[in-house]
Asks: 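Encoded as structure tokens, here's the structure I'll be asking about.
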Amino acid sequence: MSLYAIGDLHLSLGTEKPMDVFGGRWLNYVEKITDGFMALHDDDLTVICGDITWGMTMDEALPDFLFIDKLPGKKIILKGNHDYWWTTATKAGNFFREHGIESIDILHNNVSICGTRGWFYEESKNDVHDKKIMNREVMRLEASLRSAGEGDKYVFLHYPPKYQGYECPEILELLKAYNVKRCCYGHIHSAGCAYAFNGILGGTQFQLVSADYVQFRPQKLI
């Protein structure tokens, strides 16, 4: 078994919002995702770091989930800022079972695999509402880290906790306090990838895994 990560598939098989319209690396991206997963085996595990589908509801997103389900290996998904279909982990789990989707699970305190959506400067207006959301994300991440025990910890976020001049100290402090080995994140695309932080900070290896950045190939971690 190997552990992989990729983010921001932005699938649109049930809606009219394909990413091909952006051209460049996004041309034929569904086929590229399929090809990228062909290196994986059925016992491998891939964490998908948010922005999974453009479907506004689970029913709209069903073709995308069925597509992901057919890809090799197990998948754990977490919420991105464009996952408008997202309601609760329980409802998603029930929906997957009702439609025979067996290879997808929601990231929820999985042993050594920790994470949450995170919070990003684009969303921060320094008002009470934003602070509440950010604090909730930090609490979720800490609960996930606490449950992971003493082994190596891998954190998966949608938003980067560090980008250009921005840092989220609450999340960075947690990663350091819990000796997180690696933190993978998405959200950044196109020209913005040149400014993404890929390196070691506070003992944690940070890695951007947005699909277009990694050429639609899941990145092997261990």
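Because the structure is predicted, anything quoted here is derived from the model rather than measured.
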Asks: A side-chain contact here means heavy atoms from C-beta on lying under 4.5 Å apart; do Leu62 and Ile101 qualify?
Replies: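 SC-SC contact between Leu62 and Ile101 confirmed.
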Asks: Applying side chain to side chain donor-acceptor pair (under 3.5 Å), can you list everything that pairs with Gln219, at least two apart in sequence or on another chain?
Replies: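 Checked Gln219 against side chain to side chain donor-acceptor pair (under 3.5 Å); zero matches.
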Asks: In Å, rounded to the nearest 0.5 Å, how long is the span from CZ of Arg146 to CG of Leu141?
Replies: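 Separation between the atoms: 10.0 Å.
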Asks: Tell me, with the steps shown, if Ile48 and Ile104 meet side chain to side chain contact (heavy atoms under 4.5 Å, CB included).
Replies: CA-CA 10 Å; Ile48 303 177; Ile104 304 175; over 6 Å; no
Asks: Is the gap between the ring centers of Trp85 and Phe95 under 6.0 Å?
Replies: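 No - the distance between ring centres of Trp85 and Phe95 does not fall below the 6.0 Å cut-off.
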Asks: Return the set of residues passing side chain to side chain donor-acceptor pair (under 3.5 Å) with Asp59 (not counting sequence neighbours), or none when no residue passes.
Replies: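 Asp59 satisfies side chain to side chain donor-acceptor pair (under 3.5 Å) with no other residue.
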Asks: Flag the pair Leu145 / Val155 as yes when at least one side-chain heavy-atom distance between them is below 4.5 Å, and no otherwise.
Replies: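 A side-chain contact exists here, since the closest heavy-atom pair is under 4.5 Å.
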Asks: Measuring from Leu221:CG to Gln207:CD, what's the distance to the nearest 0.5 Å?
Replies: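 If I round to the nearest 0.5 Å, the distance is 6.0 Å.
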Asks: Do Ser210 and His187 have side chains that approach each other closer than 4.5 Å (heavy atoms only, starting at C-beta)?
Replies: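 A side-chain contact is absent here, since even the closest heavy-atom pair is not under 4.5 Å.
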Asks: Going by heavy atoms in the side chains, are His158 and Leu78 under 4.5 Å from each other?
Replies: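 In contact.
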Asks: Between Asp51 and Asp83, is the side chain to side chain contact (heavy atoms under 4.5 Å, CB included) condition met? List the steps.
Replies: CA-CA 5 Å; Asp51 281 5; Asp83 286 312; 4.3 Å; yes
Asks: If two hydrophobic side chains count as joined below 4.5 Å and joins carry through other members, does Met1 share a cluster with Phe156?
Replies: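 In one cluster: yes.
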Asks: Pairs in or reaching into residues 18-37: which pass side-chain hydrogen bond (donor to acceptor under 3.5 Å, both in side chains), with residues at least two apart or in two chains?
Replies: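 Counting only pairs at least two positions apart or across chains, no side-chain hydrogen bond (donor to acceptor under 3.5 Å, both in side chains) contact touches residues 18-37.
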Asks: Judged by atom type as modelled, is there a donor-acceptor pair below 3.5 Å linking the side chain of Asp44 to the main-chain atoms of Ser2?
Replies: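 Indeed, once roles are kept as given, a pair shorter than 3.5 Å links the two residues.
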Asks: So which atom in Pro160 and which in Tyr166 form the shortest heavy-atom distance, rounded to 0.1 Å?
Replies: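 Looking at all heavy atoms of both residues, the shortest contact is O-CE2, 4.0 Å.
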Asks: Any heavy-atom pair between the side chains of Val47 and Tyr154 that's under 4.5 Å?
Replies: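 No - every pair of side-chain heavy atoms lies 4.5 Å or more apart.
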Asks: Please report the closest heavy-atom contact between Ile106 and Ala89, naming both atoms and the distance.
Replies: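 Result for this residue pair: CG2-CB, 3.9 Å.
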Asks: Going by salt bridge (charged side-chain N to carboxylate O under 4.0 Å, His left out), name the pairs with one or both residues in residues 163-172, residues two or more places apart or in two chains.
Replies: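 Counting only pairs at least two positions apart or across chains, the salt bridge (charged side-chain N to carboxylate O under 4.0 Å, His left out) contacts touching residues 163-172 are Lys162-Glu167.
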Asks: Are Leu157 and Phe206 close enough, and set up right, to give a side chain to side chain contact (heavy atoms under 4.5 Å, CB included), and what steps lead you there?
Replies: CA-CA 11 Å; Leu157 306 170; Phe206 290 82; over 6 Å; no
Asks: Between Glu173 and Lys176, does any side-chain N to carboxylate O distance fall below 4.0 Å?
Replies: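 Lys176 and Glu173: not salt-bridged.
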Asks: Parallel, tilted or perpendicular: which describes the rings of Trp54 and His82, with under 30° parallel and over 60° perpendicular?
Replies: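 The rings of Trp54 and His82 sit tilted, inter-plane angle from 30° to 60°.
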Asks: Work out which heavy atom in Cys184 is nearest to a heavy atom in Cys49; give both atom names and the distance.
Replies: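 Here Cys184 and Cys49 meet closest at O-SG, 4.2 Å.
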Asks: Output, in order, the C-alpha distance, side-chain angles, deciding distance and verdict of side chain to side chain contact (heavy atoms under 4.5 Å, CB included) for Ile52 and Asp64.
Replies: CA-CA 8 Å; Ile52 299 155; Asp64 299 325; 5.8 Å; no
Asks: Could you tell me the separation between the OG1 atom of Thr46 and the CD1 atom of Ile6, rounded to the nearest 0.5 Å?
Replies: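 Answer rounded to 0.5 Å: 8.0 Å.
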Asks: Determine yes or no for a side-chain-to-main-chain donor-acceptor pair under 3.5 angstrom, with Tyr163 supplying the side chain and Gly192 the backbone.
Replies: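 Yes; at least one donor-acceptor contact below 3.5 Å.
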Asks: Nearest heavy-atom pair of Gly14 and Pro63: which atoms, and what distance?
Replies: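 In terms of heavy atoms, the two residues are closest at CA-CG, 3.8 Å.
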Asks: Under 4.5 Å between side-chain heavy atoms, counting indirect links through other Ile/Leu/Val/Met/Phe/Trp/Tyr residues: same cluster for Ile188 and Phe22 or not?
Replies: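 Same cluster: Ile188 reaches Phe22 through Ile, Leu, Val, Met, Phe, Trp or Tyr contacts under 4.5 Å.
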Asks: The criterion is side chain to side chain donor-acceptor pair (under 3.5 Å); which residues satisfy it with Thr204, sequence neighbours excluded?
Replies: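 Expected list: none.
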Asks: Determine, using the 4.5 Å side-chain heavy-atom cutoff (strictly less than), whether Ile200 and Val180 are members of one ILVMFWY cluster.
Replies: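 No, no single cluster joins them.
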Asks: Side chains of Thr53 and Leu9, heavy atoms from C-beta outward: is any pair under 4.5 Å?
Replies: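 Counting from C-beta outward, Thr53 and Leu9 never come under 4.5 Å.
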Asks: Which heavy-atom pair separates Met58 from Ala92 by the least distance, and what is that distance?
Replies: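 Taking Met58 first and Ala92 second, the nearest heavy atoms are SD-CA, 3.9 Å.
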Asks: Could you tell me the separation between the OG atom of Ser103 and the CD1 atom of Ile76, rounded to the nearest 0.5 Å?
Replies: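 Ser103 atom OG to Ile76 atom CD1 measures 11.0 Å (nearest 0.5 Å).
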Asks: Test: side-chain hydrogen bond (donor to acceptor under 3.5 Å, both in side chains). Region: residues 92-101. Which pairs qualify, not counting sequence neighbours?
Replies: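 Qualifying pairs: Asn94-Arg97.
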Asks: Are Leu208 and Tyr195 co-members of a hydrophobic cluster defined by side-chain heavy atoms under 4.5 Å apart?
Replies: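 Tyr195 clusters together with Leu208.
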Asks: What distance do Lys74 atom NZ and Asp43 atom CG have between them, rounded to the nearest 0.5 Å?
Replies: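 That separation rounds to 10.5 Å.
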Asks: Please tell me whether Met19 and Val21 are part of a single hydrophobic cluster in this structure, the criterion being side-chain heavy atoms less than 4.5 Å apart.
Replies: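 Per the 4.5 Å side-chain linkage, Met19 and Val21 are co-clustered.
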Asks: Please examine the side chains of Leu11 and Ile68, heavy atoms only from C-beta on, and report whether any two atoms are closer than 4.5 Å.
Replies: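 Yes, at least one pair of side-chain atoms sits under 4.5 Å.
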Asks: State, yes or no, whether a side-chain contact exists between Met56 and Thr15 at a heavy-atom distance under 4.5 Å.
Replies: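 No, every pair of side-chain atoms sits at 4.5 Å or beyond.
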Asks: In Å and rounded to the nearest 0.5 Å, what is the CG to SG distance from Asp212 to Cys193?
Replies: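 Result: 5.0 Å between the selected atoms.
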